[in-house]
Structures are given as C-alpha cells and as structure tokens.
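All remarks here apply to the structure that follows.
To find a chain, count down the sequence lines: A is the first, B the second, and so on, and within it residues start at 1.
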Number of protein chains: 2
Amino acid sequence: MSSQETPRRPTIADVAREAGVATSTASVVFSGKAKVAPATRERVLAAAADLGYAGPDPRAASLRRGRSGIVAVVLEGHLRAAFLDPVTTALMDGLTDGLAELSAGILLMRDEPGEEGAGIADAPVDAVVLIGCSARTRSSLEIVVGRGLPVVVIEGDAGESIPRITLDNAAASADIARHVRDLGHRDVALVTLPLDTERERTAITPERLANATVDVTIHRLAGTREIFPDALAISAAGSLIDEGVLVGRMLLADPATRPTAVLAQSDLLAVGVIRAAEEAGLRVPEDLSVAGFDGIALDGLGDLSLTTSVQPAVEKGRAAGEQIARMLRGEPGITQHLTCRFHAGTTTGPAPR
Amino acid sequence: MSSQETPRRPTIADVAREAGVATSTASVVFSGKAKVAPATRERVLAAAADLGYAGPDPRAASLRRGRSGIVAVVLEGHLRAAFLDPVTTALMDGLTDGLAELSAGILLMRDEPGEEGAGIADAPVDAVVLIGCSARTRSSLEIVVGRGLPVVVIEGDAGESIPRITLDNAAASADIARHVRDLGHRDVALVTLPLDTERERTAITPERLANATVDVTIHRLAGTREIFPDALAISAAGSLIDEGVLVGRMLLADPATRPTAVLAQSDLLAVGVIRAAEEAGLRVPEDLSVAGFDGIALDGLGDLSLTTSVQPAVEKGRAAGEQIARMLRGEPGITQHLTCRFHAGTTTGPAPR
DNA sequence: TTGTAGGCGTTATCAG
DNA sequence: CTGATAACGCCTACAA
C-alpha cells in the first residue's frame with residue numbers, strides 16, 4: 001500500500017544517491033581503483049551501512065569485467081573417490097598455490113557424461129583444469145574449448161594445442177622394474193590401476209589393454225613391460241589399500257605360481273599387497289619384494305620404507321595453476337613435463353633363490 | 001583495416017540476426033523455456049554452429065536470472081588437510097547429492113581471516129555452507145549474512161536464526177564411554193581433536209578447555225566426561241593416524257601410568273593409538289582397549305573392527321544440501337539434529353585385571 | 001577529484 | 001509461436 005512495496009536489495013546506485021555522489025564514485029570507493037577524497041569516501045560508506053548495502057553484486061561485476069574469479073576443476077568419477085586418493089589431494093593443494101596470484105576460487109565438477117544442466121557448459125568460470133583426461137572427459141574438453149576458455153589438462157592427452165602437465169610415467173616405471181630385475185627377480189607380477197571407467201578387477205589381456213582408456217595405467221604398464229614383457233598383470237578396481245589386499249591375495253594364493261616380486265602402480269596398492277603378504281605369512285622383502293608408485297606420505301607402513309617412484313604431485317597442481325594464470329594474462333599456456341624420482345626403500349630385496 | 005577489426009565472441013544477438021529471428025527467440029531455443037517451431041529451432045542452431053556460438057554466456061545469464069548455480073563450501077584451514085579427513089569427504093559427497101536437484105556446482109573456499117579479494121565477499125554464489133563453524137568462521141558468516149545469502153552451518157553454532165545441521169556428539173561419546181566402563185575399565189585416557197585453530201598437542205587443562213573454540217571437540221569431551229569425569233585428556237593436532245600414534249606414544253610410554261583403555265575422538269586417531277600400542281608390544285584389545293568416533297570405512301585396520309560411534313557423515317552433507325535447496329526455493333531452512341549409532345567392535349574388551 | 005553515458009549478454013514480460 | 005523492449009547491477013572511458 002505504501003511506498004515500501006518493493007524492498008529489493010539496494011544497488012550501488014541507491015548508495016550513491018543516498019550519499020549524494022555519482023554512481024561511478026561509489027563504485028570506485030568499493031573497488032579501490034582510483035583515489036577518492038576521504039570525506040566522500042566516508043559518506044559513501046556511511047550511506048552503504050545505512051542502506052544495508054554489502055558491496056557490489058559479484059554477478060553483475062563478473063559480467064562487466066568478463067571475469068568471475070572462478071576456475072573449474074573437472075574430476076573423474078565420484079567426488080569422494082577422487083579425494084580418497086592422496087595424489088589428487090596433493091595436486092589440489094598445489095593447484096590452490098598456483099592459482100594464488102589470481103585469488104580465484106575452485107569450482108569442483110564431475111565429468112558427468114549424460115547429465116544436462118550441471119555441466120561445465122553453464123558454469124561461470126574463467127578457466128578449466130581437467131584431471132586425468134579419459135574418454136569421458138573428452139566431451140567436457142570439447143565444450144570448454146568451444147567456449148574459448150583456457151584449459152590445462154593434467155595427465156592426459158588432450159591433443160594438439162592444449163597445454164598439458166605430464167609425468168614420465170613410463171620411464172619411472174621402467175626404473176623401478178630395472179631395480180627389481182637387478183636384484184635378481186625374474187618372476188614378477190604387476191598390479192595396475194584401473195584400465196577404464198569400468199574399473200574391473202581382472203587379469204589384463206592384450207584385448208583389454210587395447211581397449212584401455214586411462215593413460216596413466218597404460219603408460220606405467222608400458223614402462224614396466226619394457227623390462228618384464230611377459231609379467232602377469234592384474235588391474236585393481238581403484239587406488240586403495242583394500243584393493244591391493246584383494247589383488248595381492250589373488251597373486252599370492254598359490255605357492256606354486258607365486259611371484260618373487262610384485263610391482264604395484266600406486267603406493268596404496270603396494271601397501272595392500274604387503275598386507276596380503278603378511279596374511280599369507282610371507283616376509284617383506286625376504287620372501288616377497290614389493291614396490292609402489294607415487295611416493296605419497298604413507299600412513300601406516302610401520303618401519304618399512306616403500307620402494308617407489310616419487311611423483312611431484314603438488315608440483316603438478318602448482319604447474320597447472322601457473323599455466324592457467326598465464327593464459328588468463330593472455331600469454332600462451334605451455335606444456336610441462338615433470339619427472340619422478342626413484343626411491344629405493346626397504347620393501348625390495350634380493351630375489352629368494 | 002577491413003571489417004575484421006573486432007573478432008569478438010558472437011553473442012546470442014548475432015546468432016539471432018544470422019538466423020533471421022528475434023534475440024528472444026534465439027534465447028528460448030537455448031534455454032528451452034518455451035516451445036519453438038522445429039524449423040525455426042533448426043535455423044537458430046545452424047546459425048549458432050556457423051558462427052561458432054557455444055551457448056549463452058553464464059555470466060550474463062547469472063546476472064539476469066539472479067542465480068549463478070554455485071554453492072560455496074567454506075572449510076577450515078588448508079584445503080588438503082580438510083580432504084585428508086574422511087568425514088569431510090563423505091560429507092562433501094552427501095552435499096553433492098543434496099544439491100543435486102539444483103544441479104549446482106560446489107565452490108571450495110577457505111575461511112581466510114586476513115586475506116582480501118579471494119573471500120566469499122566477491123564470489124558469485126547463491127548460497128553458502130559453513131563447515132565446523134569456529135571463531136574464524138564467524139567473520140565469514142557475517143559477510144554472508146550481510147549479503148543476504150542463504151546459509152547452513154554444519155556442526156557449529158551460528159547463533160539465532162541460521163539453520164544448522166548438528167550431531168548428538170555428547171550423547172554418542174557418552175555411549176562409548178559407558179560401553180567401556182561396563183567392560184570394567186576405570187583407568188581411561190582420552191585423545192581429543194584440536195581445541196582451537198592453534199591445534200596444539202597438549203594435555204587439556206580446565207583453562208585450555210575454557211578457551212576452546214571447536215564445538216565438536218568440546219561436546220564430545222563433555223559427553224565422555226559424564227562417565228569418566230577425571231580422565232586424562234590430550235588434544236591432538238589434527239585428525240590423523242600419525243597424530244594418534246604420537247599421542248598414543250605419550251599415553252603408553254610409562255607402564256606405571258598406562259591406561260587400560262583409550263577413547264579417541266576420531267577413528268583416525270584411534271587407529272594411530274592402536275598402532276602405537278602395537279609398537280609398545282601391547283595387544284588390542286587384550287592389553288588395551290581402544291575406541292574411536294566417526295564410523296568411517298577404515299582402510300587398513302586388518303581384521304580388527306573398531307569400536308566407535310557411526311556418524312551419518314554423508315547424511316549430514318545431504319541434509320545441508322537439502323536445506324540449501326529449500327531456502328533457494330524460498331522456504332525457510334530448518335535446523336536438523338542427526339544422531340550417531342554406537343558400534344561395538346573388537347578393539348574393546350574386558351579390562352585386564 | 002567527480003559526474004555522465006553507454007554497454008557487458010541475457011532473459012522476462014508482454015503484445016502481436 | 002515469435003518479436004520488441006526493458007531491465008539485471010555494475011564498470012569505465014571520457015568529459016567536466
């Protein structure tokens with residue numbers, strides 16, 4: 001009935017009017033982009049407080065500036081699974097560092113194939129980081145590129161001109177294998193990461209390998225097979241200690257066919273294998289040598305130090321963040337190849353004769 | 001020189017012109033908010049493909065709609081530390097579920113006290129979830145409320161009218177303590193979560209407790225002390241296995257003062273204590289009973305099943321998400337109290353005589 | 001230092 | 001079913 005009909009949120013224009021200044025002046029007071037006389041400034045702030053104005057609307061500001069201050073991170077699979085992997089969390093950590101100069105927020109997204117609406121297509125982001133680019137991620141990539149957003153792909157092949165952050169997975173795996181071979185092992189079994197999004201726990205056949213989509217798994221396996229071409233390989237359903245236990249049991253069940261060394265594609269899997277060995281009454285490394293991959297800080301291995309290849313997980317994230325920052329500055333993003341460092345631990349030893 | 005001066009991204013207006021329709025029609029084609037004749041639709045899509053138009057700019061759409069489709073999650077401390085805690089990841093998982101109907105993205109934010117720019121103040125979000133509301137989070141809360149955004153606080157007291165998701169931490173802790181007391185234990189020590197953002201590893205004195213700011217810690221401790229009023233309590237520096245090991249060593253070092261049971265405020269801490277016990281040559285539960293809290297799926301406890309209280313972590317996130325969805329729909333958010341379920345495992349047994 | 005004006009790219013509304 | 005028009009709230013040349 002009265003003039004209170006529309007109690008809509010005040011805008012910067014209202015504040016300016018209340019303070020008796022131009023809207024541009026009020027705007028500048030909040031953005032700090034120019035000098036304003038202290039007196040004017042005070043009046044604007046007072047008016048804002050008076051009206052309950054909490055600062056510029058970020059949505060309007062994004063449109064005007066053409067920047068939202070948000071970077072999307074696209075993860076494969078369920079969010080929870082992703083963060084269960086210490087490598088991912090380390091990576092995220094580095095990413096926040098690398099993005100620090102932008103003071104950008106991180107928007108978590110899954111690469112949901114079918115779903116509408118939720119996707120990257122409708123998110124107000126300035127750039128995108130794709131992690132573990134697999135077949136499913138490809139569609140996300142297309143959308144992002146179509147929208148002209150800067151992209152960086154971590155550990156995956158995005159083709160042509162997309163900057164990537166890669167690891168020398170094959171070479172590092174070969175290093176580990178060589179170490180084990182030099183210790184005299186000939187009878188070696190492998191535990192790999194999942195081959196595809198099916199995440200099946202199964203012996204790897206040439207056909208299956210041909211259909212594999214996860215680059216990390218493929219590359220690490222290729223590196224290992226440079227040294228042990230015929231080693232039995234079983235894919236785990238994920239990078240988890242419990243998966244390592246399960247696969248370890250399969251591998252160690254039959255004393256007749258039991259290998260003298262097991263090379264796992266992740267430290268978590270390796271820990272699981274060690275646990276399976278303990279269950280079976282085998283001593284590590286006397287009866288069985290075990291190596292991992294990643295070099296994450298392992299919680300709960302007792303006095304053993306895992307033989308592994310230490311990957312620069314945090315560095316990976318940081319590098320991605322830095323490339324994003326560059327691209328947002330208008331400079332071209334560049335692909336970076338990071339390398340792992342071999343660590344000889346106490347979980348590998350001379351082959352039992 | 002030529003007309004190619006400004007190769008700016010095409011807008012929906014360009015597409016409409018190219019297709020020979022009104023911008024509003026083109027808009028509707030993309031949003032699907034109204035029926036469009038198939039022929040017209042095709043023409044618009046063709047024009048879009050032609051011009052390389054990848055769909056409406058989300059920034060402009062957010063401004064117009066007044067919605068960005070993003071919900072912020074404010075975590076305490078370093079991102080990595082937060083995701084190291086399985087309870088947090090489970091919670092995030094539930095949150096994505098609860099938010100599913102909104103198909104909203106999740107923006108990760110830290111509650112950085114001093115820093116400018118990065119904060120919640122400038123993020124284009126529709127709502128905010130505050131986790132583990134501590135003193136530091138208060139300032140975030142003020143900003144958010146000032147901006148008139150819907151908020152839900154998980155496990156923390158936000159005062160007055162802010163909807164919360166809470167747990168019966170005290171009651172559940174008392175349940176565990178009672179179980180242990182009924183097993184005959186009288187000599188019990190406690191390992192708590194951090195008391196405040198200082199995260200000091202130290203014996204808890206009444207003064208320290210009075211200055212504590214983390215509600216979860218305080219409530220769980222209060223519940224336990226209903227049963228064991230005088231039990232020695234040591235605060236850990238975080239919810240980590242390794243912290244549990246450190247505090248466990250402190251507790252078990254001296255055989256003369258060694259307790260017969262240790263109650264930890266998180267499962268991770270409990271696992272650490274068990275590990276410390278193993279180090280000290282103690283058998284669990286024969287020589288030492290250990291209980292945790294959370295009921296997370298523990299990776300790597302061998303055959304032991306931890307005595308604990310299972311908190312509905314996923315449910316907590318889901319509930320928060322649902323409240324956010326409600327509030328965004330215009331309905332008032334309501335506070336929800338969730339309850340834990342006691343789980344008697346094999347890590348607790350009769351007190352040694 | 002302060003004010004004026006125009007537009008960022010959409011979408012809601014309402015008339016045809 | 002389609003089209004014209006008016007905001008959404010802000011920022012930034014440019015002019016005074």
Students often get this wrong, so: under 4.0 angstrom with heavy atoms, is [X] touching a base, only sugar-phosphate, or nothing?
| X | value |
| --- | --- |
| B:L63 | base |
| B:V28 | nothing |
| A:T11 | sugar-phosphate |
| A:F30 | nothing |

When the distance from [atom1] of [X] to [atom2] of [N] is rounded to whole Å, what number comes out?
| X | N | atom1 | atom2 | value |
| --- | --- | --- | --- | --- |
| A:I12 | D:dA7 | CD1 | P | 20 Å |
| A:R65 | D:dC10 | CZ | P | 11 Å |
| B:D57 | C:dT10 | CG | P | 6 Å |
| A:R67 | C:dG9 | CZ | C1' | 17 Å |
| A:K33 | C:dT1 | NZ | C1' | 18 Å |
| A:R17 | C:dT4 | CZ | C1' | 15 Å |
| A:R59 | C:dG9 | CZ | P | 19 Å |

5'-most by nearest nucleotide on DNA chain D - B:A60 or B:V21: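 It is B:V21, whose closest nucleotide lies nearer the 5' terminus.
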Residue whose closest nucleotide on DNA chain D lies nearer the 5' end, B:G20 versus A:Y53: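 Final value for this comparison: B:G20.
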Run A:R59 and B:D126 through salt bridge (charged side-chain N to carboxylate O under 4.0 Å, His left out) and show every step you take. CA-CA 10 Å; A:R59 280 180 286 257; B:D126 296 336; 3.0 Å; yes
Report the C-alpha separation of A:R43 and A:D50 in whole Å, then their side-chain angles, then the decisive distance to 0.1 Å, and conclude whether the salt bridge (charged side-chain N to carboxylate O under 4.0 Å, His left out) test is met. CA-CA 10 Å; A:R43 247 185 317 141; A:D50 221 37; over 6 Å; no
Any non-hydrogen side-chain atom of A:L328 less than 4.5 Å from a side-chain atom of A:R67? yes
For residues A:R326 and A:P163, determine if any side-chain heavy atom of one lies less than 4.5 Å from a side-chain heavy atom of the other. no
Please tell me which of the listed nucleotides, [options], lies nearest to the side chain of [X]?
| X | options | result |
| --- | --- | --- |
| B:A37 | D:dT5, D:dC1, C:dG3 | D:dC1 |
| A:S27 | D:dT12, C:dG9, C:dT13 | D:dT12 |
| A:T23 | C:dT4, D:dC10, C:dT2 | C:dT4 |

Distance-minimising heavy-atom pair for B:S27 and B:I12: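 Closest approach of B:S27 to B:I12, heavy atoms only: CA-CD1, 3.2 Å.
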Check whether the side chain of [X] and the base of [N] form a donor-acceptor pair under 3.5 Å.
| X | N | result |
| --- | --- | --- |
| B:R64 | D:dA7 | yes |
| A:T25 | C:dG3 | no |
| A:T40 | C:dT1 | no |

